[in-house]
Amino acid sequence: MTKKLLLIDGNSLAFRAFYAMYNQLDRMISHKGLHTNALVAFNNFLDQIVDPMQPDLAVVAWDAASGKETFRGDLFPEYKDGRSKTPSEFKEQFPYLREMVALHGLRNYEQAGLEADDIIGTFSRMGEQAGYSVTIITGDQDLTQLATEKVTVNVTKKGVTEIEQYTPSYIMEKFGLKPLQIIEKKALTGDTSDNYPGVTKVGEKTALKLLAEYHDIDNLYAHIDDMKQSKLKENLIKDREAAFCARQLATILTDATLELPLEEIEYRHIDYDKLVLFYEDLDFKQQLAKIKALQKSGQIIGSQTPVEKVINVVTLQEDNLQAVAMLGNKIAVHIEMAGSNYHIDDMIGFVIGSPATGYYGSRDVSLLQRPELRSVIENAAIIKNVFNVKAQLVLFKRLGITLKGAEFDFLLAAYLLDTTDNDNELSTLAQRFDFYVTPDEDIYGKGAKYAVPEETSRVLVHLAHKADVLMQLEKPAFAALQDHEQTHLYTEIELPLAHVLADMEYRGIKIDQTRLRDIGTSLEERINAIKEAIFIEAGEVFNINSPKQLGVLLFEKMGLPVIKKTKTGYSTAVDVLEKLASQAPIVDHILQYRQLAKLKSTYVEGLLSVVHEKDSKIHTRFLQTLTQTGRLSSIDPNLQNIPMRSEAGRQIRTAFVPSQPDWQIFGADYSQIELRVLAHMTGDKNMQQAFLNGEDIHAETARAVFGLDDSTPVDALMRRTAKAVNFGIVYGISDFGLANNLGISRAEAKRFIETYFKEFPQIHEWMTEIKAKAHEQGFVETIAKRRRYLPEISSKNFNLRSFAERTAMNSPIQGSAADIIKIAMIKVAEALQENGMQARMLLQVHDELIFEAPTDEIEELSELITRVMDSAVVLDVPMLVESHSGNTWYDAK
DNA sequence: GCAGTCACG
DNA sequence: ACGTACGTGACTGCT
């Protein structure tokens with residue numbers, strides 16, 4: 001293999017590093033008072049860009065002097081004049097930067113009379129001649145003049161970890177120039193930061209045009225007389241001398257005499273022992289944690305070994321597929337996809353194997369469909385470790401394969417153990433157990449720059465690392481689950497639920513696109529009419545969607561009273577506008593506009609954009625490992641917030657239809673599940689009795705709070721108030737919140753709460769106890785032992801502490817309700833199967849389940865689902881399930 | 001990428 | 001005295 005020479009432009013990158021984190025300057029100060037922002041950014045650069053390259057030779061070149069003391073200063077006395085002085089906060093980091101470079105195994109180099117550019121230029125030619133492939137990294141685009149077939153110049157784009165690769169062909173593509181013509185371009189344009197002029201009025205565009213015609217300035221000036229008269233020609237003639245001088249200044253030396261021979265810049269790998277001391281001195285906590293994790297997982301042994309534990313992956317091909325039959329009955333499996341939407345994103349490779357038998361993989365996922373592999377994947381007796389079992393199930397389904405025996409899902413386990421900081425990334429979650437895996441972002445990049453490395457082995461080795469870590473994580477993760485008494489929650493709830501959800505998502509829900517488009521058309525007409533009215537009332541045209549513009553109109557031009565402010569200006573939220581509606585007709589029009597605009601953009605256009613063309617269905621993803629309480633969430637699109645409360649919005653539901661003719665949509669929901677959970681958990685006899693009697697719970701609450709006897713009717717206002725108090729209780733009540741919600745005084749709200757607690761004394765007790773418990777153990781639990789940590793419960797900050805206290809009261813309630821419906825879903829799925837029903841579960845919306853079924857099956861379905869749901873768990877109060885069916889989701893009401 | 005707004009339970 | 005209801009996701013404007 002060709003040997004690699006790495007040349008780094010220390011000054012320009014350090015400078016970039018300093019300004020990349022300039023806004024953090026004041027925060028990043030070590031205990032010794034040293035600013036560390038440039039050091040942190042430079043260290044990121046070394047970690048992310050340099051360390052993975054593992055070059056054979058490497059040098060970081062530094063300027064020996066300002067540039068004045070080089071031939072450039074002799075040539076042009078004003079060279080680099082006018083540069084502002086280097087800030088002292090930056091200067092003080094210089095010696096540490098060099099030490100950091102050395103500890104990362106690279107040689108620092110500077111030489112009197114030379115700038116870093118010239119050192120790099122000369123080394124690059126030496127290296128090229130000695131047969132090395134040369135990589136230059138710099139923050140200065142001028143160095144691209146050094147690019148050749150053997151020399152690639154990487155220029156930082158943003159910060160210091162995003163780079164743009166300049167090869168001769170890329171330079172041709174970007175500028176239409178050969179690398180050496182970069183110098184000619186500079187000759188014409190000059191350089192303001194180095195303070196030398198080129199030709200007056202010639203910028204990049206003109207320069208590129210001239211070079212396209214004349215190639216270089218020698219040739220340009222040779223033909224200058226033929227040029228037709230113009231201001232440009234005059235300037236060129238006038239500034240001829242400046243151009244030739246600029247060319248000399250811009251030319252990087254490639255033939256300087258260096259006092260350091262190539263052989264002496266050997267890359268020496270990272271010195272971890274000393275690096276730890278260095279990081280400790282600078283208070284680099286994250287870096288220290290990373291090294292600790294690497295050491296613990298055996299990826300660093302001693303101080304001089306390379307970062308990555310060596311893992312061999314055998315590339316699977318037609319002729320060696322039988323090897324997977326020998327893998328044994330305990331393996332890791334992983335299909336990698338390009339992106340996060342496993343319904344549609346490309347599958348870019350897979351890996352299968354174990355530490356004992358080695359890892360096998362390929363970029364070609366169709367190999368999984370071969371009998372040799374399929375029989376392993378579909379064999380439930382071969383136990384698999386995976387990351388995100390639901391995603392893997394869907395990916396395999398797309399290949400027509402049923403994944404069986406996936407018993408350890410590290411993502412699920414990690415989520416149950418601690419919901420906080422769950423970014424759903426293996427690399428981050430593994431760190432909790434001190435295992436290190438290269439983050440996907442480091443391999444593929446992110447956003448627009450996402451790309452699968454061309455080098456197949458790089459991908460497969462990355463996948464094998466993931467697989468290997470998944471094997472190693474099983475033991476500690478299961479031990480931790482056991483410690484939390486969460487094995488039941490894991491084995492009997494979350495893991496089987498993942499299978500149920502995978503089926504639901506993969507099946508999808510059918511959309512009547514014509515219907516949705518019609519709704520869109522009529523919304524558009526109504527929106528346009530309202531818009532016109534608004535502009536007339538406003539006396540001007542403005543962007544109604546801009547809260548800023550709207551605020552100026554309402555509160556400055558029209559002089560309406562300011563009711564609430566946001567961080568950035570006037571609030572124009574619904575509650576504010578509703579208070580203002582009586583004062584100007586425009587306000588009501590704005591409210592209508594907002595409602596309709598929301599429906600059109602989010603629900604008509606938004607939903608249409610995610611319909612899969614081949615089946616006219618929407619396939620959402622239920623996130624099973626995101627919420628802090630144990631609920632699911634739904635994305636791409638969110639099918640848990642389809643409008644319902646307003647009739648105009650509710651119409652959207654008419655577009656959700658059964659996937660087959662003569663089928664219907666069926667929905668079943670838990671009535672008052674959270675209040676029932678509350679009654680159960682608190683053991684409050686009065687509230688339990690109300691449910692046992694089958695009473696209207698809000699009316700009963702009203703009776704209690706307002707002191708009415710059984711014969712007195714409860715009026716609507718009392719019921720509404722009581723309902724709000726019930727909500728408040730579930731959310732972790734405060735008089736302020738309740739007052740705000742009901743539009744009553746704080747004193748009144750306080751009285752309501754006091755009476756409520758007197759009437760339901762065990763609820764009050766429980767609230768006090770749960771807060772104390774949260775304080776003692778640092779977390780609260782649901783009925784299924786789902787945990788939520790509340791570190792801020794002991795904060796001295798009133799706000800943080802109060803928030804944690806409300807959460808301590810709310811999470812066990814919301815979370816237990818989530819447990820219940822999850823259990824119900826698993827039982828429902830089993831019941832449908834056992835009874836040979838054709839009905840299919842499609843959606844979950846926190847306390848309701850949506851199905852589709854043949855019309856003639858609905859009656860049986862209704863009976864079955866109701867029975868399964870209301871007996872899913874046994875509480876001290878009955879569970880009430882209500883159900884509805886119809887031709888569309890709208891009609892299932 | 002954040003803030004504001006609004007859709008749901 | 002302090003100052004907010006709990007849990008989500010998508011879209012728009014703006015820096």
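A, B, ... follow the sequence lines: proteins, then strands. Residue 1 opens every chain.
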Does [N] have its OP1 or OP2 closer than 4.0 Å to a side-chain nitrogen or oxygen of [X]?
{"X": "A/Arg645", "N": "B/dC8", "answer": "yes"}
{"X": "A/Thr566", "N": "B/dG4", "answer": "yes"}
{"X": "A/Lys548", "N": "C/dT12", "answer": "no"}
{"X": "A/Gln640", "N": "C/dG7", "answer": "no"}
{"X": "A/Ser546", "N": "C/dC14", "answer": "yes"}

Expressed in angstrom and rounded to an integer, what is the separation of [X] atom [atom1] from [N] atom [atom2]?
{"X": "A/Ile652", "N": "C/dA10", "atom1": "CD1", "atom2": "P", "value": "16 Å"}
{"X": "A/Glu792", "N": "C/dT4", "atom1": "CD", "atom2": "P", "value": "15 Å"}
{"X": "A/Asn741", "N": "C/dG3", "atom1": "CG", "atom2": "C1'", "value": "16 Å"}
{"X": "A/Phe542", "N": "C/dC14", "atom1": "CZ", "atom2": "C1'", "value": "17 Å"}
{"X": "A/Ile544", "N": "B/dG4", "atom1": "CD1", "atom2": "C1'", "value": "16 Å"}
{"X": "A/Asn543", "N": "B/dT5", "atom1": "CG", "atom2": "P", "value": "14 Å"}

If you check the A/Ile635 side chain, which of C/dT4, C/dT8, C/dG9 turns out closest?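 Nearest listed nucleotide: C/dG9.
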Does the distance from a Lys or Arg side-chain N to an Asp or Glu carboxylate O, for [X] and [Y], drop under 4.0 Å?
{"X": "A/Arg507", "Y": "A/Glu852", "result": "no"}
{"X": "A/Arg801", "Y": "A/Glu792", "result": "no"}
{"X": "A/Arg653", "Y": "A/Asp891", "result": "no"}
{"X": "A/Arg719", "Y": "A/Asp696", "result": "yes"}
{"X": "A/Glu441", "Y": "A/Lys449", "result": "no"}

Tell which nucleotide pairs with C/dC2, taking only Watson-Crick or G-U wobble pairs whose two distances are both under 3.5 angstrom. none
B/dT5 pairs with, by Watson-Crick or G-U criteria that keep both distances under 3.5 Å: C/dA10
Can you check the distance between C/dT4 and B/dA7, where both ends of the measurement are the P atom (answer in whole Å)?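 Straight-line distance between the two P atoms is 23 Å.
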Rounded to whole angstrom, note down the P distance from B/dA3 over to C/dA5. 16 Å
Sugar-phosphate, base or nothing in reach of A/Ser571, heavy atoms under 4.0 Å: sugar-phosphate
With distance as the sole criterion, do the side chain of [X] and the base of [N] form a donor-acceptor contact below 3.5 Å?
{"X": "A/Arg594", "N": "B/dG4", "result": "no"}
{"X": "A/Ser734", "N": "C/dT4", "result": "yes"}
{"X": "A/Arg788", "N": "C/dG7", "result": "no"}

